[in-house]
Amino acid sequence: MEKDDFLDALNPAQREAVCATQQHLLVLAGAGSGKTRVLVHRIAWLLKTTPLHPYNILAVTFTNKAANEIRKRIENLLKASVQSMWVGTFHSLAHRLLRLHWQEAQLPQNFQILDADDQVRLVRRSIQSLQLDEERWTPRSVTNFINGKKESGLRPNQIQAHDPHTKTLKQVYETYETLRKQRGLVDFSELLLACVELLKNPNLLSHYQSRFTHVLVDEFQDTNTIQYHWIQQFMGAQNSLMTVGDDDQSIYGWRGAKVENIQRFSQDFPSAHTIRLEQNYRSTSTILSAANTLIANNDQRLGKNLWTAGESGEKISLYAAFNELDEANFVIEKIKQNLRAGYDRKQIAVLYRSNAQSRVLEENLIQAAVPYRVYGGLRFFERAEIKDALSYLRLLLNRNDDTAFERIINVPTRGIGEQTLGILRDQAKLNQISLWQAMLSTLKSQSLTTRAQTALERFHLLIESLTELLNSRSLPELTSAVIHQSGLIEHYQKEKGEKGQARIENLEELINALPVASNETTVQILTDFLSNAVLESGEYEAKAGDDCIQLMTLHAAKGLEFPVVFICGLEEGLFPHPMSLNEGNLEEERRLCYVGMTRAMKKLILTYSEIRRMHGQEHHHSPSRFLREIPTDLLDEVRPAKFTFPISMQKTEHSKNNFSHFNKKPEVAAVKIAGFHIGQTVRHAKFGEGVILNYEGQGPQTRIQIRFKKEGIKWLSLEFTQLIALT
DNA sequence: AATGCTACAGTACTT
DNA sequence: CTGTAGCATT
């Protein structure tokens with residue numbers, strides 16, 4: 001490819017960012033403005049026009065998906081492999097450095113990574129070993145405390161504990177660290193903290209500073225304190241740093257991300273040149289100006305106004321549903337409409353604030369026989385059966401991995417219960433040894449009951465004999481032996497129903513996922529595989545090319561785009577979420593809404609419900625304040641007005657943004673069912689009074705769903721039911 | 001030791 | 001309403 005047409009594909013601002021000669025760059029890239037494009041072209045441009053080698057580049061992202069994407073696109077652009085370039089997530093890159101320098105980092109060579117689940121478990125153990133009340137010191141909150149400190153770069157001894165509460169937390173932190181080190185384990189935050197400490201070694205630091213002359217960071221608004229430090233460390237006098245981000249899309253403050261890092265960057269690197277990418281290539285101008293108006297309500301902004309040269313497109317649809325069933329019905333009808341209009345299923349996304357909202361939508365999609373896929377949820381490597389199998393493998397590599405030991409010592413059940421395990425724990429704690437070592441000495445002393453002694457001996461033998469296979473078998477062969485000889489397969493076969501079957505299939509899937517041939521030893525392959533399993537737990541499931549409706553939370557939608565986007569549940573009490581109001585995070589909620597809206601390319605459909613069942617109770621919510629922040633003339637209010645209150649009747653401070661009464665019109669989820677409508681109160685001869693919730697079918701086959709005051713929710717065939725309208 | 005039951009909690013989530 | 005963790009029961 002010629003250098004020229006390579007740059008021709010860029011707009012002036014993008015080109016300025018790609019070809020900048022300044023040492024440090026801050027690129028404020030609005031949604032859909034070609035952020036990744038700039039990052040990729042910048043790297044390609046550096047490699048093409050300067051003497052830089054891929055080896056000199058360090059590119060950092062938050063997800064593996066983004067990292068893979070960047071590498072792939074650079075290789076496409078350059079038509080060459082860039083193997084030696086380091087592209088990865090903060091955690092995977094830190095991990096790589098720790099593996100390379102495990103001795104300097106004072107880690108065992110075969111250290112393993114704790115996932116979030118295992119970490120909470122280990123924190124629980126620490127709480128228990130200090131004999132603290134688990135009600136008061138919940139493992140979850142203590143884990144948050146520990147991670148919070150690590151992410152601020154603080155070790156226990158650096159914590160100022162003046163009050164008794166903090167003193168206790170600090171104590172648990174210390175205990176946790178002791179256990180963690182004993183077991184040769186490293187948690188996610190530890191990867192970064194340990195790496196920051198590792199790079200304090202002057203020799204290493206100067207080595208990497210001279211190697212990575214160019215550092216590029218994606219999604220900079222999402223970096224936390226330790227990640228910022230980590231990047232900063234690479235910046236010697238000659239190094240160049242480019243950060244790309246969008247303060248309006250910062251939605252992870254709740255997990256420690258610091259938008260302030262953007263301002264901090266400008267202070268720490270005063271020579272940094274700022275470039276704004278404001279031309280949007282994704283959305284219609286209607287969607288864009290709605291999003292712009294919404295986000296303008298935030299005070300804490302660096303300021304940026306997205307524009308597009310594209311067409312204005314359709315108005316944004318707004319549907320006021322009677323309840324969540326009506327909402328789901330509307331969404332599915334509208335989906336069908338768009339499918340008929342020629343959109344593929346995978347071009348349509350349904351977004352919501354909280355995961356619980358997906359259920360009703362899913363039920364209706366199943367009923368309508370529309371294939372869908374829910375993003376998020378349990379990941380492959382987080383499934384119980386997979387973690388069991390991996391724990392066996394971990395124990396084969398490292399006998400001191402008590403976390404793995406505890407997980408599988410009695411899975412499948414082999415007669416080693418709490419009693420026996422308690423003895424081992426006491427032994428281990430008393431002598432400062434691992435559970436495995438405690439088991440060995442206990443076996444030797446013959447102090448257990450015969451039954452426990454035999455059971456433990458058999459477990460000991462099992463692990464020893466599997467370990468021998470490490471040297472003689474490939475990883476898939478070894479793993480197959482593990483799940484069979486341990487009895488895991490048998491154990492899950494016993495589990496009744498589809499669940500057990502699914503677990504077996506997952507275990508077989510695991511064997512397929514294992515690397516087969518390599519020059520390395522099985523031990524090395526296994527070590528790498530186990531780390532990757534924890535660091536890349538998400539990717540594995542991505543079945544590309546599935547043509548499904550995409551369901552996900554607003555958070556999960558970040559970075560994606562779809563021709564047709566639904567945002568459901570725009571209600572006070574749900575979105576913005578009340579939890580965020582307490583903590584004064586309204587601006588972050590608004591940014592989340594902004595992120596959701598800017599995912600849409602052609603069509604945006606917003607819905608809210610007047611009544612919503614949450615936690616088994618009915619809630620009457622008013623429409624989200626975010627709806628009022630969208631200019632009325634961009635909205636097309638479709639609703640079955642008969643039983644809903646116009647939003648304009650709500651008390652609002654922004655009277656200029658009231659919805660008009662004029663543009664309402666009948667819509668798809670036609671609410672009339674043979675003279676009845678959803679939301680209507682009716683009387684049934686036998687069941688008494690109730691409210692119509694939903695309906696399905698047509699003509700004489702129509703069935704309607706009614707919630708009766710006394711009898712609960714029932715489906716009735718309209719043909720055979722006598723109903724009296726009460727409203 | 002395994003199963004069944006009750007009580008309880010219930011924003012967002014990648015690594 | 002739903003899923004889960006811990007407890008009680010056999």
Side-chain angles (χ1 to χ4, degrees), chain A residues 60-67 88-95 113-117 119-121 124 134-135 138-140 144 147 150-151 186-192 219 222-224 226-227 251-257 324 351-360 363 375-379 381-382 384 410-421 451-452 455 491 494-496 531-539 552-559 569 573-583 585 588-589 591-593 595-596 612-619 712-713:
Chain A
V60 196
T61 63
F62 273 85
T63 65
N64 292 297
K65 195 172 154 198
T89 64
F90 280 98
H91 293 88
S92 73
L93 295 169
H95 172 242
I113 303 168
L114 273 172
D115 70 13
D117 239 42
Q119 190 189 17
V120 174
R121 242 165 264 177
R124 175 175 286 127
E134 264 188 76
E135 299 267 291
T138 62
R140 264 293 302 246
N144 284 340
N147 287 339
K150 287 194 177 190
E151 276 156 23
V186 169
D187 58 57
F188 284 125
S189 332
E190 181 69 24
L191 286 170
L192 280 153
E219 305 278 16
D222 286 335
T223 49
N224 63 30
I226 195 85
Q227 287 162 340
I251 55 175
Y252 286 113
W254 53 273
R255 65 175 196 209
E324 74 277 8
L351 313 181
Y352 36 81
R353 179 63 177 81
S354 70
N355 279 312
Q357 287 172 257
S358 79
R359 219 193 78 245
V360 182
E363 283 167 0
Y375 277 76
L378 210 50
R379 302 192 146 64
F381 288 108
E382 286 167 5
N410 204 28
V411 176
T413 45
R414 48 172 70 86
I416 306 169
E418 273 308 307
Q419 208 70 17
T420 314
L421 197 51
R451 210 170 124 185
H491 172 68
K494 277 189 226 146
E495 203 168 307
K496 48 194 176 282
S531 307
N532 286 338
V534 183
L535 288 172
E536 293 176 30
S537 59
E539 251 81 322
M552 66 190 85
T553 62
L554 288 150
H555 282 92
K558 201 177 104 189
L574 183 60
F575 188 30
H577 197 280
M579 212 73 101
S580 69
L581 298 180
N582 299 338
E583 291 157 31
N585 289 336
E588 184 158 307
E589 291 285 293
R591 290 194 291 266
L592 188 57
C593 190
V595 166
R612 183 178 297 274
R613 267 188 104 71
M614 285 166 75
H615 316 319
Q617 282 201 321
E618 283 195 336
H619 293 262
I713 298 175

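Proteins come first, then strands; the chains are lettered A, B, ... in the order of their sequence lines, and each starts at number 1.
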[X] has an atom [atom1]; how far is it from atom [atom2] of [N], in whole Å?
X: A:Phe575; N: B:dT11; atom1: CZ; atom2: P; result: 16 Å
X: A:Asn144; N: B:dC13; atom1: CG; atom2: C1'; result: 12 Å
X: A:Leu592; N: B:dC13; atom1: CG; atom2: P; result: 10 Å
X: A:Gln419; N: B:dA1; atom1: CD; atom2: C1'; result: 11 Å
X: A:Asn64; N: B:dT14; atom1: CG; atom2: C1'; result: 9 Å
X: A:Lys65; N: B:dC13; atom1: NZ; atom2: P; result: 14 Å
X: A:His619; N: B:dT11; atom1: NE2; atom2: C1'; result: 15 Å
X: A:Asp117; N: B:dC13; atom1: CG; atom2: C1'; result: 13 Å

When all nucleic acid strands are considered with a 4.0 Å heavy-atom cut-off, which category describes [X]: base, sugar-phosphate, or nothing?
X: A:Gln617; result: nothing
X: A:Phe188; result: base
X: A:Asn355; result: sugar-phosphate
X: A:Ile416; result: sugar-phosphate

Between A:Ile251 and A:Pro412, just flag the one whose closest nucleotide in DNA chain B comes earlier from the 5' side.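 Its nearest nucleotide lies further toward 5', so the answer is A:Pro412.
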Taking for each residue the nucleotide of DNA chain B bearing the nearest heavy atom, is the 5' side occupied by A:Thr420 or by A:His91?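 Final value for this comparison: A:Thr420.
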Side chain of [X]: nearest nucleotide among [options]?
X: A:Arg359; options: B:dT15, C:dC1, C:dG6; answer: C:dC1
X: A:Arg451; options: B:dT11, B:dA1, C:dG6; answer: B:dA1
X: A:Arg353; options: B:dC13, B:dA1, B:dA12; answer: B:dA12
X: A:Glu382; options: B:dT11, B:dC13, B:dT15; answer: B:dT15
X: A:Trp254; options: B:dT15, B:dC13, B:dT11; answer: B:dC13
X: A:Thr63; options: B:dC13, B:dT15, C:dG6; answer: B:dT15

Going from [atom1] on [X] to [atom2] on [Y], what distance comes out if it is rounded to the nearest 0.5 angstrom?
X: A:Ile226; Y: A:Ser189; atom1: CD1; atom2: OG; value: 9.0 Å
X: A:Leu535; Y: A:Thr89; atom1: CG; atom2: OG1; value: 6.5 Å
X: A:His91; Y: A:Glu536; atom1: NE2; atom2: CD; value: 13.0 Å

Between A:Ser189 and B:dT15, does any side-chain N or O lie under 4.0 Å from OP1 or OP2?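 So the side-chain polar atoms of A:Ser189 never come under 4.0 Å of the phosphate oxygens OP1 or OP2 of B:dT15.
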Any A:Thr413 side-chain nitrogen or oxygen under 4.0 Å from OP1 or OP2 of B:dA2: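 Yes.
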Would you say whether A:Tyr252 stacks on B:dA12? The test is a distance between ring centres of less than 5.5 Å and an angle between planes of less than 30°.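 No.
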Under 5.5 Å between ring centres and under 30° between planes: true for A:His577 and the base of B:dT11?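 Answer is yes, a stack.
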Knowing that exactly one of A:Ile113, A:Asp115, A:Leu114 qualifies, which makes a side-chain contact (heavy atoms from CB on, under 4.5 Å) with A:Asp187?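 That would be A:Leu114.
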Please work out which of the three classes, parallel, tilted or perpendicular, describes the rings of A:His555 and A:Tyr252, given edges at 30° and 60°.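 Ring orientation, 0 to 90° scale: tilted.
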A:Gln119 versus A:Asn147, side-chain donor and acceptor atoms under 3.5 Å: yes
